[in-house]
Amino acid sequence: MVKLENMKNLSLSDSVINLDHGDPTAYEEYWRKIGDRCTVTIRGCDLMSYFSDVNNMCWFLEPELAEAIKELHAAVGNAATEDRYIVVGTGSTQLCQAAVHALSSLAGTQPVSVVAAAPYYSTYVEETTYVRSGMYKWEGDAWSFDKKGPYIELVTSPNNPDGTIRETVVNRPDGDEGKVIHDFAYYWPHYTPITRCQDHDIMLFTFSKITGHAGSRIGWALVKDKDVAKKMVEYIIVNSIGVSKESQVRTAKILKVLEETCKSETDNFFEYGHEMMKNRWEKLRGVVKESNVFTLPKYPEAYCNFFGKTLGSYPAFAWLGTKEETDLVNDLRRHRVMTRSGERCGSDKKHVRVSMLSREDVFNVFLERLGNMKLIKNIDL
Ligand code: PMP
């Protein structure tokens, strides 16, 4: 029997819990303990200009944020920053749209097809359809994509929603027509072993899922090609004339503290995050095993260059399935658990995406309700 702690939270006992969004509140506890080390003071006269660094192509990027980003990647070893342009965005949500815009505007013919291998991050659909651009067109699942002409493949690794390590799946002999945007939102040591230093043309990262500071709305792109970077910057200028400086300064401060803790024995954030995620996954796997109704993907172990040992993967979302033909998102809703349907991710009704990054008490209530669903099934049988 799996032991579930903190289960007696009365305020939560009857409420609907929302694990549809990946709101990363799980890390609040850690940053509370860090206390004033991350506090930033901003006076009324500070940060008033639109400009941060007129000598940089991305003139709205705060130099201290650029520095902190480079130092963090160097400390973690997950991505190359040399000979690249850093483009800052209001979350990597804005940057993904900027990158799709940039690649499409530089393509010979339009609309450019945009694809991602299912199950994919459902927001890509909204990002590429909402404004009804004539420059690009969402074409859905990359596995079945066979349309001629230029295309952009979105590769998310580890993947949201199913946590798998991904590479491109559209392989054309006429390679020139295909461009790739690598979304590395979850390529950090608490979620997955860091097996190599990534070195792709366009790599997206988000502050939201590293430390949990989603509210700051900061993301960055590491871009090799100058013209692509320029077009991305143009897009952001038209869209929002830059990115909040308050957010950038706070992000720079927190990333610096994060980088310092990388070397620490006592308050290492990645160590903390890894232990928490591992613990949650073990509890969830325990409930799923006992239920005999649900399924979860298995992940191979790999040597993590950051931790210096062989480790498993503990993704930010659980890709929960059922062995029976059922509409799982509705089954869970009846048990007051909101999740994202597999259908929205280009998959089926038997799967849902469940956030693993909620506060601890919410996560425990989820486990309890999932365990009870198993009981109801058993009685039905
Ligand atoms: N890419 C992926 C794969 C994500 O899961 C998310 C957050 N859910 C984002 C991008 C966007 O992150 P943000 O806009 O908060 O930086």
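Numbering of ligands and ligand atoms starts at 1, following listing order.
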Of all pairs that satisfy salt bridge (Lys or Arg N to Asp or Glu O under 4.0 Å), the ones with a partner from residues 77-106, not counting sequence neighbours: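 Applying salt bridge (Lys or Arg N to Asp or Glu O under 4.0 Å) to every pair that reaches into residues 77-106, excluding sequence neighbours, yields R84-D199.
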Of all pairs that satisfy salt bridge (Lys or Arg N to Asp or Glu O under 4.0 Å), the ones with a partner from residues 264-279, not counting sequence neighbours: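 Non-adjacent pairs meeting salt bridge (Lys or Arg N to Asp or Glu O under 4.0 Å): R37-D267, K278-E282.
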Axial cation check for F363 ring with R280, 6.0 Å and 45° limits: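 Here R280 passes the 6.0 Å and 45° test against F363.
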ring-ring contact (aromatic ring centres under 6.0 Å, His included) involving W319 - partner list, sequence neighbours excluded: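 Here the qualifying residues are H351.
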Atom-level proximity to ligand 1, residues with heavy atom under 4.0 Å: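 Lining ligand 1 at under 4.0 Å, by heavy atoms, one finds G91, S92, T93, Y121, T156, N160, D183, A185, Y186, T206, S208, K209, R217.
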Ionic contact status for E360 with K283, cut-off 4.0 Å: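 Yes, this pair counts.
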Presence of salt bridge, E301 and K309, under 4.0 angstrom: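 The answer is no: the pair does not qualify as a salt bridge.
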